[in-house]
Each structure stands twice: as C-alpha cells, then as structure tokens.
Number of protein chains: 2
Amino acid sequence: MAGLKPLKGMRDFLPPQQIRREVLFEKIKSVFRRHGFDPIETPAIESWDVLSGKYGAEEKLIYRFRDRGGRDVGLRYDLTVPLARFFAANQGNLPRPFKRYQIQPVWRAEKPQKGRYREFYQCDIDTLGTRNPLSDAQIIAAIRDALVELGISDFTIRVNHRQFLKAIAGRLGLEGDMEVEMARILDKLDKVGLEGIRKLYLDKGFDEGVVNTILGLIRESPSMDRVLDFVGDAGREAFDNLSDIFRYLDMLGVKEAVFDVSLARGLDYYTGMVFEIVLNNLKIGSVAGGGRYDGLVEVFTRFPVPAVGGSIGIDRLITAMEEMGLLEEIPPTYTRVLIAYRSASGEIMEYVFRVRKELDFLNVDIYSGDADLRGQLSYASSRGIRWVVIVGEDEVERGTVGVKDMESREQVEIPLDELADYFRTRNS
Amino acid sequence: MAGLKPLKGMRDFLPPQQIRREVLFEKIKSVFRRHGFDPIETPAIESWDVLSGKYGAEEKLIYRFRDRGGRDVGLRYDLTVPLARFFAANQGNLPRPFKRYQIQPVWRAEKPQKGRYREFYQCDIDTLGTRNPLSDAQIIAAIRDALVELGISDFTIRVNHRQFLKAIAGRLGLEGDMEVEMARILDKLDKVGLEGIRKLYLDKGFDEGVVNTILGLIRESPSMDRVLDFVGDAGREAFDNLSDIFRYLDMLGVKEAVFDVSLARGLDYYTGMVFEIVLNNLKIGSVAGGGRYDGLVEVFTRFPVPAVGGSIGIDRLITAMEEMGLLEEIPPTYTRVLIAYRSASGEIMEYVFRVRKELDFLNVDIYSGDADLRGQLSYASSRGIRWVVIVGEDEVERGTVGVKDMESREQVEIPLDELADYFRTRNS
C-alpha cells in the first residue's frame, strides 16, 4: 500500500477548503456571465498531436502516456490549446465572436513548490473571431470585475502590447531569436530585478549599449507617447490599438489599468495586447493575466481566427485572500442546523422529523451517528455548524425544542411552531 | 495533425449543453447541502496502489500510466475508492460521521457506445463512520429529493439487502464462488429477463432445481416477511436493518421505496442495503443507485469504517430529462440582453456603455465583433439571446433605445431612464 496522501503536488480539498473554492468559483462565474460569456467544457485527455508544439520548452511538463488503445495522448496543460481545438471542431455550431468561460483543472508535472501544484484549476475567459479592441477590453474588465466581486480592491492592471516590444527590438537591431529573447528575459524583471536582467542579457550575448538602452527605457516607466517616439512608425499600430483598448476600459469603469512597457508575459503565442493584474500590497506575483493571440487557433482551423483571453490564478488568489482575511466570512460547512436528540426512541425520532420539516428551507443535518447528546454537540462543533436543535422526551412532551447557539453557547427553549420564524430572522 | 474531434468516448460541451449541466449540478448540490452534506474534491490521478484490487475485472478499464517521475499511477475510476483513501489520509481532521458530496469526472477505457463515455461526471454522496440505519435512509432521501428538485416524479426506488441474497444462497446450499455468481447473474435480470438469467445460471453449472427455486422466488415479488420465512434466522439481521431503513424513509417523506429481492447491484463491495432508482415510463436503466459497503474503507484505514453511499448517473439522467422535455426551460445562453449598435462611433459607443450601466443587474453582452446591425441581430439569434437593445444616432439624440424581442420579433422604443424598469418586470 502506497502512502495515503495524494501524489506529490496534488491535493485533497476538505469541506472548509472546498466550500471556499466553490464560493469563489460561483462569484467568478456570475461576473463572467454578467459580461456575456457562456460556459464550455472539454475533455481532460487530448490527443498528443493537439498538445504538442504549442507550449515550447514547457511541453516536457505535460502528462503524456499511451491509452488502452495505444493512442499517444496527454492530460491538458491549459485551457487555451483545448479551446483552439474545440473551436475548430465545433465551428459550425458556434457564434462569432465566440465568448466562453471555462473553469476546469489542468495538469503539469512541475517541481512541486510553495504555491505550485501538479493539478490546479484555471478560470479562463476568451473571445474568438474578432480583432475588435472592445473584445480585449471586455476580457480585462470581466476579470477586473471578478476580483472586485471577491472583495479585492487594491490592485494594478499592467497593460502592454507585444508589437511595442517587437518595435523596440527592431529599433535596437535585434532580430529573430534575439527579439524573442529580449521579451523572455524582460518577463523575469519582477523576479530578478533590473540588475538581474542586465546580467541575463549580457550572458545571452546582448551588446552592452543595447542593454543600457533597454534598461534606461524601462527605468523611465515611459508613457505610450514616449515609446512611440522611441520606435517611430513601427509602433503606430500598437499605439492606436492600445489607445482604443484604454478608451473602452475607461468606459467600462476600469480605472486600475496602466500602460507598462516592461510587461512581457512568458507565453510565446501572444501577438497583441498583454496584461497582468498584481495586488499592490502583497508580493505574490500576478493573480491574473492574459492577452491577444491571433495565431494560435489557426493551427487547428487552417484559416485566421483572432483571439483574446485571460485567466485568473485561483490558487494564488486564495492565498492572497487568506492573507487579507477576505475568506473568514465563508463558513466551514454549508450546514446551518444540526438536529440532535437525547435518545433515538421511536417517539423522539418521529418528533425529530417534524422538526426537520419545519426547517426545510435551511441546510439541516439530522445527526446520523451513534454518539450521545454530548458527542452530538461536539460533532456540531467539529463541523462548525452554528446551531443545534435539541430534542428529548421533555421537549416532545412540551411541544418545544432546545436551540443552542454554538457561538455564544447560549441555549433557549422554543415552541416547535415558532421555530421556523426563529431561524428566518437569524438566517441572514 | 490528428482529428479535431475529442478522443473516442470523450466529449466537448458547447454552451447550451454545458448550461444544462451546470443548472442540474447546482440543483443537485443544493439538495445535498439541504441534507447536511458538505463538498470535497480529490485529485484526478491516484497512485496505482490506491486503485488496484478494488474493482475486480473492471480494473482493466482504468487509465493507467507512468508519470514523469516513473510512478505507477492511474486516473480515478470512480469517486468511492478515492473517498476511502481520502478518509484514511485526513481522518484526524474529519468529523464522524463524515458526510460528503463530490461531483467530479471519472475515466474508464470502456468500449464507447450509446450512453457510455470514457470521461463522465459522477455525483456522489456518502456517509462514513456509522452503521446507523438513518444514514442509509438519508442517502436514499437526498438522492430522491434531488430527482424531485429536477422535476422528475414518476420513479421507483428498489431496495434490497445483500445479506438477504447471502441468506438465500445459503438456504440453497450455494457457497463461495457460487454465492457471488448468484448475485452477479441476478444483476443482469433487467437486461436479459427471467429466461435469460435461467440460461446464465444453467451455463454456470447451477443445479436445475436450485435455478427453479431462485426464479420462482423472484417471480413472486416476495415481501420481506416472505423472504424471512424462506431463509429463516439467517435473514433476521437484514430484515431488522431494512425495516429500520424503511421506517426512516417513511419519516423522511420518501414514498417511492419498495422492497425488491431481485435487486443485486453489480459491485462486489456492497455488504448491506442496496438501492437503485428507475424511471417508471422510460426504459433507460437506473438513473441512480448505491448501497452500504462496510469493508472498503478499512483497506486504507486498517480499522473498520462502516460506510453507505449513492450516486446519480448524470448522463443518463440528462438523456431521460431530454426525452421528458424537462430541459426545455433552460435557455441556451446565460446572456439575457445583447447591446447592438448601428455604428461604432465614439458618441454611439459612449451611449452604449451608459445603456450597459442601466442594465448592470442583468447578464448583458455588448456586441464585440465586426458585423453590421443585421449581423448583430443574427448573432443574438444564433446564441439564443432573447433581447436586443439597439443604439443608433437617432436613439442617442432622443435619449432612447430600441428593444427587440427576438421571440416575438416585436420592437419598441424605450426612454433610456425607463429601460431598467422595463427589464425588471420582464426578468422573471
């Protein structure tokens, strides 16, 4: 027998944790729906041909195996590549633009470390089939509104454009691999700092003058106008596109978005706007991010399908919300009332079920174990159930119940026919 | 490039299908919560040691592979064995009895056929840690109430006890393999009929007199008393236990439960009460089932942990509900209103966002594609969005909007400041 714990990097979620996750997912979904997105799901297992060649060096993290029929398959690494495959497979039945949300687990054979798991949920929204900058703005606004709905307020949305980075690389004479490398190293800025990326650039053989120019530009925190000045006409399209997006963001009530030329985003497939949301007072990295990727879906459809999307990192977000004390309101159980009884005699049990019927608008557990009343009360405590309704021979005779508030430890006796009202006024 | 379709036996869920599933899952969850169950989740991948030796011949259907670290692992085949592992791993932090629900996909490398998939969701509830017959009754009642919540009314809950079957086998002199075989073949009764199982029994070498006795007993649809008469004292415990369960079911308002000595249930691990729910007017097999399994958890804990549980077969249920027309009320999109515009001029778009603000209590999509108004209306149609709010220069000037009901095709002009009320009265 192997260990009883989940495999390395995988997790069991006990009721208190799972309830927090369910509450968060529900809130996020409600906001995505409010912005006009509808849900889809795709299979956990995809053909290897679908997954391969999409993630660069990360490909080695995919759980790949042969199924019982000998097919070369893998567990999905993210929800974006499956979405592209899904769109190609179902395009005849999908509206354009196609706006979907998807909340499902993904698997990555990563080195487990704090905050990194081998199975975790992604909460994605994407719009396929349009270059309209409103679609970019809607993605950012929906994710921003989801954070606000979760009670998070102090954050910054960093926004950049991949074509700006390309234009900067061009202005500096960097081409091909060097252009890609410029962005990849820039992406490490938050982790290693300015001097850290200087070293990385020099190690990769970048010219010292070029490195100084890059670092100088970043240090300035330049405006879009300043970047346009620097790169000239090569940045015009990015400038106009980002201007439109910022205008729509403003109309959508998104006040937290700022232009940040140093934002690169790791993934290779981004082609336009990229964004990232960071919490201002917590050093935990970004809690959400995304961007435009106009080339990826085409790999499956064989004709161009522009696309833009974003993702909330739910695990990191939960960590942040715990640190901010935002999850304390969520109770550790859905059960509001435990009905306990002094003995399981036929008469008492009949009465217990009458009590339950009175409370059928609430989540009620009728104690179903074998403990005495004392044990039943400690059962309620261990689950975090707030109220215990107690039935014994005396209560049956008097037509009442005992009601114990497990928080204040106070107990009162209430006539059975007033019980429903008692909880209606306390169920807020 | 492989085919774009999902792998054999796996499915993409488009928004209309996924919304139906989400609505069903939410209703089922709400009922499980009302009965005092809390949610957990476990990882998709388990160590092979956890999965092996639990499913009998079915084991060959498990997706088994080596992970990147060379570990022998598999995708979960059901939610029951992972629950047993979970309980053993987390027992110090779990209340007794432990009542949980779990709704997650499972994987089986089955021959794909109508209604059989290689990835599908299970909706399970289980209570661990007690033999109290109330816990058996709560499982059946919660699943029964979930079906009622979904609008299903005409069904029968068949209930039997594994110890009755054991006692019958004993009375007939069947031991060891023959005892197990008696139940296994009986389980095929619904599929092959009485004459079919006669043949199966004879093929397996059962004595003809014994077979006639079994078939005779089944044909009688005997009461519990009759079965007790037949088997004598060996059936006393089962009789008392089932009597308690039926008494609790009655108190819990479950009127659909009937004793049925012919119910066997396939899985080997059941030890006590078994049940199955069948729809009376649809020949699609059972939509839910379960039973008591007092030996399984012990494999992980190494001390006895009695357990009882049940599962709703969501795919079969959806098929049934479609046939009964019970899903037509669920709209194909969450989006209630599309805001469409005659042109994307700055002035019109400013107004569009004012319209959206008026309707921020609804799921509203601001059209984000590139089509003209006609195309926007057909976009609304293709998604099944009921209402389109139309903005053009005239509307901006008059401070109004056009509101088109896509069902009746009628269009009216409404002042912007009356728009929210207009939809509040129509949002039921």
Side-chain angles (χ1 to χ4, degrees), chain A residues 1-2 4-7 10-15 18-19 22 33-34 36 38-45 47 49-50 63 65 67-68 73 85-86 88-90 93 95-97 105 109 119 127 129-130 132 134-135 138 251-252 300 333-335 350 353 363-365 368-370 379 382-383, chain B residues 1-2 4-7 10-15 18-19 22 33-34 36 38-45 47 49-50 63 65 67-68 73 85-86 88-90 93 95-97 105 109 119 127 129-130 132 134-135 138 251-252 300 333-335 350 353 363-365 368-370 379 382-383:
Chain A
M1 177 58 53
L4 297 169
K5 292 234 157 66
L7 288 161
M10 315 252 169
R11 290 167 291 171
D12 285 335
F13 294 103
L14 276 66
Q18 184 57 21
I19 289 169
E22 282 193 2
R33 292 171 191 161
R34 225 182 298 143
D38 277 327
I40 69 162
E41 286 202 353
T42 63
I45 308 173
S47 161
D49 284 337
V50 168
Y63 280 88
F65 58 98
D67 75 6
R68 294 268 171 182
V73 301
R85 199 267 312 140
F86 172 98
N90 301 288
N93 296 311
R96 314 289 168 88
E119 176 183 66
T127 299
T130 180
N132 188 332
L134 176 55
S135 63
Q138 282 180 343
M251 292 186 199
L252 282 162
F300 296 96
T333 174
Y334 284 117
T335 302
E350 295 261 8
F353 287 98
N363 294 337
V364 174
D365 190 12
S368 61
D370 314 293
Y379 168 78
S382 73
R383 285 187 61 188
Chain B
M1 178 56 55
L4 297 170
K5 293 235 158 67
L7 288 161
M10 315 252 170
R11 290 167 291 172
D12 285 334
F13 294 104
L14 275 66
Q18 184 56 21
I19 290 169
E22 283 193 1
R33 291 171 191 161
R34 224 182 298 144
D38 277 326
I40 69 161
E41 286 202 354
T42 63
I45 308 173
S47 161
D49 284 337
V50 168
Y63 281 89
F65 57 99
D67 74 6
R68 294 270 170 180
V73 300
R85 198 269 309 143
F86 171 99
N90 301 288
N93 296 311
R96 312 289 167 89
E119 177 183 65
T127 299
T130 179
N132 189 331
L134 176 55
S135 63
Q138 281 180 344
M251 292 188 199
L252 282 161
F300 297 96
T333 174
Y334 284 118
T335 303
E350 295 260 8
F353 288 98
N363 294 337
V364 173
D365 190 13
S368 61
D370 314 293
Y379 168 79
S382 72
R383 286 186 60 188

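Small disclaimer: the values here were computed from a predicted structure and weren't measured. Side-chain atoms are counted along with the backbone in the values below, which use heavy atoms only and exclude waters and symmetry mates.
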request  = Against chain A, label B/Phe353 side chain, backbone, both or neither, depending on which of its atoms sit under 4.5 Å from a heavy atom there.
outcome  = side chain
Set of side chain to side chain contact (heavy atoms under 4.5 Å, CB included) partners for A/Asp67, sequence neighbours left out = A/Arg71, A/Val73, B/Tyr63
ask   = Atom CG in B/Asp365, atom CZ in A/Arg34: separation rounded to 0.5 Å?
value = 14.0 Å
ask   = Checking heavy atoms, do the side chain of A/Arg96, its backbone, both or neither come under 4.5 Å from chain B?
value = backbone
task = Flag the one option from B/Thr335, B/Ile45, B/Thr42 with the top tally of heavy-atom pairs under 4.5 Å to chain A.
result = B/Ile45
request  = Side chain from CB out, backbone as N, CA, C, O: work out which of these in B/Glu22 comes under 4.5 Å of a heavy atom of chain A, or both, or neither.
outcome  = side chain
task = Find the distance between CG (B/Leu134) and CE (B/Met251) and round it off to the nearest 0.5 Å.
result = 9.5 Å
Chain A contact via B/Thr127 - side chain, backbone, both or neither, heavy atoms under 4.5 Å = side chain
message = If we ignore hydrogens and angles and just use 3.5 Å, is the side chain of B/Asp38 paired with the main-chain N or O of A/Pro15 as donor and acceptor?
response = no
ask   = Do you know which of B/Gly369, B/Ser135, B/Ser382, B/Pro105 has the most heavy-atom pairs with chain A at a distance under 4.5 angstrom?
value = B/Gly369
request  = Dump the intermediate steps for side-chain hydrogen bond (donor to acceptor under 3.5 Å, both in side chains) on B/Asp370 and A/Thr130, then the final yes or no.
outcome  = CA-CA 7 Å; B/Asp370 314 293; A/Thr130 180; 3.0 Å; yes
query = Are any side-chain N or O atoms of A/Gln138 and backbone N or O atoms of B/Ser368, one a donor and one an acceptor, separated by less than 3.5 Å?
reply = no
message = Need one label for B/Glu41: side chain, backbone, both or neither, based on atoms under 4.5 Å from any heavy atom in chain A.
response = both
inquiry  = Counting only non-hydrogen atoms closer than 4.5 Å, does B/Arg11 touch chain A with its backbone (N, CA, C, O), its side chain (CB onward), both, or neither?
reply    = backbone
query = Residues in side chain to side chain donor-acceptor pair (under 3.5 Å) with A/Asn93, at least two apart?
reply = none
message = Below 4.5 Å, heavy-atom pairs only: which of B/Asn132, B/Leu14, B/Asp12 has the largest tally toward chain A?
response = B/Asp12
inquiry  = Using a 4.5 angstrom heavy-atom cutoff, name the option from A/Tyr334, A/Phe86, A/Phe13, A/Phe65 with the most pairs to chain B.
reply    = A/Tyr334
